[in-house]
K.L.:
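Quick one: the structure is below, and I'll ask about it shortly.
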There are 4 protein chains.
Amino acid sequence: MEFNNQLAIYLQIVERIYEDILLGKLKEGERMPSVREMAVSTEVNPNTVMRSYAHLQEKEIIFNKRGIGYFICDIALNKIQNMKKEEFLEQELPKLFKSMQLLNIDIKDLEKQFEVYKKEK
Amino acid sequence: MEFNNQLAIYLQIVERIYEDILLGKLKEGERMPSVREMAVSTEVNPNTVMRSYAHLQEKEIIFNKRGIGYFICDIALNKIQNMKKEEFLEQELPKLFKSMQLLNIDIKDLEKQFEVYKKEK
Amino acid sequence: MEFNNQLAIYLQIVERIYEDILLGKLKEGERMPSVREMAVSTEVNPNTVMRSYAHLQEKEIIFNKRGIGYFICDIALNKIQNMKKEEFLEQELPKLFKSMQLLNIDIKDLEKQFEVYKKEK
Amino acid sequence: MEFNNQLAIYLQIVERIYEDILLGKLKEGERMPSVREMAVSTEVNPNTVMRSYAHLQEKEIIFNKRGIGYFICDIALNKIQNMKKEEFLEQELPKLFKSMQLLNIDIKDLEKQFEVYKKEK
DNA sequence: GTGGTCTAGACCACC
DNA sequence: GTGGTCTAGACCACA
């Protein structure tokens, strides 16, 4: 897995797990890869993965069954959607609009770009 | 001045100066507030302001006249506009579009929100 | 059986057996449920039950007749009572008193609560 | 500092900090010892102290000023009192009463013990 | 000076 | 096999 330098690795792992749940790659009730497995697959120290998992457990996205592993909570998907939506509305959007005004960018420009983006994917 | 804990204080100051230039509050050729003045007005350690100014100097947004102070470069406005546009296109937009797809948000929703935002201001 | 995540499962099983003996649900000389039965009834891995039984055997609360099963020792009740009393006096009480002092809770408050508790049961 | 083996060291440090706040040894608004200082005074690895502090920050008992240190939140005392009271009422007390019934211990016995305890201190 | 992150490696209890 | 904790040591950004 490739990491960028702006955000702590353990948080980038968290973000990727959020995405995987949003995209249905990880489903509620399912078992997470073990700490060690995840450490190997992401080429990261197990401690770092542990930190990601601890963070997710704190946020009640996953929970632990002793000696067995981590599992995705039942309300995980909904919780993440709400969290992300709030983040979007309260942080991303205001920042976006501010940038647009400062740079005199029109909403029409965005539309075009978005079409391009969707086709690329 | 109020700071958010996610970004280094010196960079938050830099951002505010960028904005002030974009909005014409600070004009090319003008003298910047002295480090000490700025430190007082932002309630921050002078070292921190110094760091902001050094950063701006490196980016050739401001320049220093020894013993006199810092002044805004002639090409500052244009430079910032380009920098911000690039940042917008290469970082903000992709992130925005990704969020929109993950959360099933339509570009039409954005338009409405933007109208609201413009009226509020 | 429902388990709490703070204490090892095998120890929670041990605790429940202690209680059953103290309450007379399990009597001295009686045969314990087999490891498999217990595993089914508590919805736990047989290894875990095995561990509980091994723990109890080590404490001389139960003993094993090879090929037949586990039986409750003759002095089990008395032994558990002493163990629990010691635990109560040396660990629970000091912790309780410390909490009471830190939180300014009076012994009178406890009395009232205890009356309520006894009626509820 | 002496640690017992039943609870993670970083949580024992957390507990001691709770107590210090409850006892007024640490006051709201005050700066915490730096991570390194605390590590030396408790004879523990700085990482472990870091973990305690991160935990306390998560619980909004302390907060961080970048480059300066950790400070005790304004509502810390109240928050801890509530937390501890809830813990006491919902966990310690039921456990206590259960023990008392199983062991036939009277509330009068407790009173006497408590008097002894208070005199010792 | 401050915190924050990461790695490597060890050890442990538990299922 | 699972997670959890701790140490030691390094490196970095920040005030």
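Reckoned from all heavy atoms, side chains included, excluding hydrogens, waters and symmetry mates. Naming: A, B, ... by sequence-line order, numbering from 1 per chain.
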K.L.:
Roughly, in whole Å, what's the span from CD1 in B:Ile13 to C1' in F:dA15?
P.N.:
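So the CD1-C1' distance, B:Ile13 to F:dA15, works out to 11 Å.
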
K.L.:
The side chain of B:Asn45 lies closest to which of these nucleotides: E:dC15, F:dG4, F:dA15?
P.N.:
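Shortest atom-to-atom distance from the side chain points to F:dA15.
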
K.L.:
Could you check whether D:Tyr53 gets within reach of a base, just the sugar-phosphate, or nothing at all, counting any heavy atom under 4.0 Å?
P.N.:
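No contact.
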
K.L.:
Atom CD1 of C:Ile9 and atom P of E:dA13: how far apart are they, to the nearest Å?
P.N.:
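My rounded result for the distance is 17 Å.
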
K.L.:
Do A:Ile61 and A:Cys73 come close enough that some side-chain heavy atom pair is under 4.5 Å?
P.N.:
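Sidechains of A:Cys73 and A:Ile61: no contact.
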
K.L.:
Can you tell me if B:Thr48 touches the phosphate of F:dC14, counting only side-chain N or O atoms and a distance under 4.0 Å to OP1 or OP2?
P.N.:
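Negative; the distance criterion is not met.
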
K.L.:
For E:dC14, which nucleotide is its Watson-Crick or G-U wobble mate, given both distances must be under 3.5 Å?
P.N.:
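E:dC14 is paired with F:dG1.
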
K.L.:
Both A:Arg66 and D:Tyr70 contact DNA chain E. Taking the nearest nucleotide for each, which residue is further toward the 5' end?
P.N.:
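Nearer the 5' end of the strand: D:Tyr70.
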
K.L.:
State, yes or no, whether a side-chain contact exists between A:Met1 and A:Val44 at a heavy-atom distance under 4.5 Å.
P.N.:
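A:Met1 vs A:Val44: side chains apart.
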
K.L.:
Between C1' on F:dC14 and CG on B:Asn5, what's the gap in Å once rounded to a whole number?
P.N.:
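Value for this atom pair: 12 Å.
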
K.L.:
Give the rounded distance in Å between these two atoms: CG of C:Asn4 and C1' of E:dC14.
P.N.:
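To the nearest whole Å, that distance equals 15 Å.
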
K.L.:
Between C1' on F:dC14 and CD on B:Gln6, what's the gap in Å once rounded to a whole number?
P.N.:
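Roughly 16 Å, once rounded to whole Å.
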
K.L.:
Side chain of D:Arg36, base of E:dG3: donor and acceptor closer than 3.5 Å?
P.N.:
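Checked by distance alone, the answer is yes.
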
K.L.:
Expressed as a whole number of angstroms, how long is the span from C:Met1:CE to E:dC15:C1'?
P.N.:
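Computing the C:Met1:CE to E:dC15:C1' distance gives 16 Å.
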
K.L.:
Could you check A:Leu7 against D:Met32 and say which one's nearest nucleotide on DNA chain E is further toward the 5' end?
P.N.:
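On the 5' side of the pair lies D:Met32.
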
K.L.:
Between the side chain of D:Ser52 and the main-chain N/O of D:Tyr10, is any donor-acceptor distance below 3.5 Å?
P.N.:
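Judged by distance alone, yes, a pair lies under 3.5 Å.
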
K.L.:
Below 4.0 angstrom from OP1 or OP2 of E:dC14, is there any side-chain N or O of C:Tyr10?
P.N.:
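Yes, within the criterion.
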
K.L.:
Return the value, rounded to whole Å, for the distance between atom CE of D:Met50 and atom C1' of F:dA13.
P.N.:
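It is 14 Å, rounded to the nearest whole Å.
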
K.L.:
Taking for each residue the nucleotide of DNA chain F bearing the nearest heavy atom, is the 5' side occupied by D:Glu43 or by A:Gly69?
P.N.:
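It is A:Gly69 whose nearest nucleotide is closer to the 5' end.
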
K.L.:
If you pin D:Val44 and B:Ala8 to their nearest nucleotides in DNA chain F, which one's is more 5'?
P.N.:
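The answer here is D:Val44.
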
K.L.:
Can you find a side chain N or O atom of B:Arg51 that sits less than 4.0 Å from OP1 or OP2 on F:dA15?
P.N.:
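No.
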
K.L.:
Between B:Ile13 and B:Arg16, is any pair of side-chain heavy atoms under 4.5 Å apart?
P.N.:
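No. Closest side-chain heavy atoms not under 4.5 Å.
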
K.L.:
OP1, OP2 of E:dT2 versus side-chain N and O of D:Ser34: anything below 4.0 Å?
P.N.:
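For E:dT2, OP1 or OP2 has a side-chain N or O of D:Ser34 closer than 4.0 Å.
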
K.L.:
In whole angstrom, give the distance that lies between atom CZ of C:Phe3 and atom P of E:dC14.
P.N.:
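Answer to the nearest Å: 14 Å.
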
K.L.:
Is the shortest side-chain N to carboxylate O distance from C:Glu15 to C:Lys84 below 4.0 Å?
P.N.:
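Yes, C:Glu15 and C:Lys84 are salt-bridged.
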
K.L.:
Would you say that C:Met38 contacts C:Ile17 through its side chain, given a criterion of any heavy-atom pair below 4.5 Å between the two side chains?
P.N.:
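Yes; the side chains approach each other to less than 4.5 Å.
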
K.L.:
For B:Asn47, answer base if it contacts any base atom (sugar-phosphate contacts may also be present), sugar-phosphate if it contacts only those atoms, and nothing otherwise; contact means non-hydrogen atoms under 4.0 Å.
P.N.:
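Here B:Asn47 touches no strand at all.
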
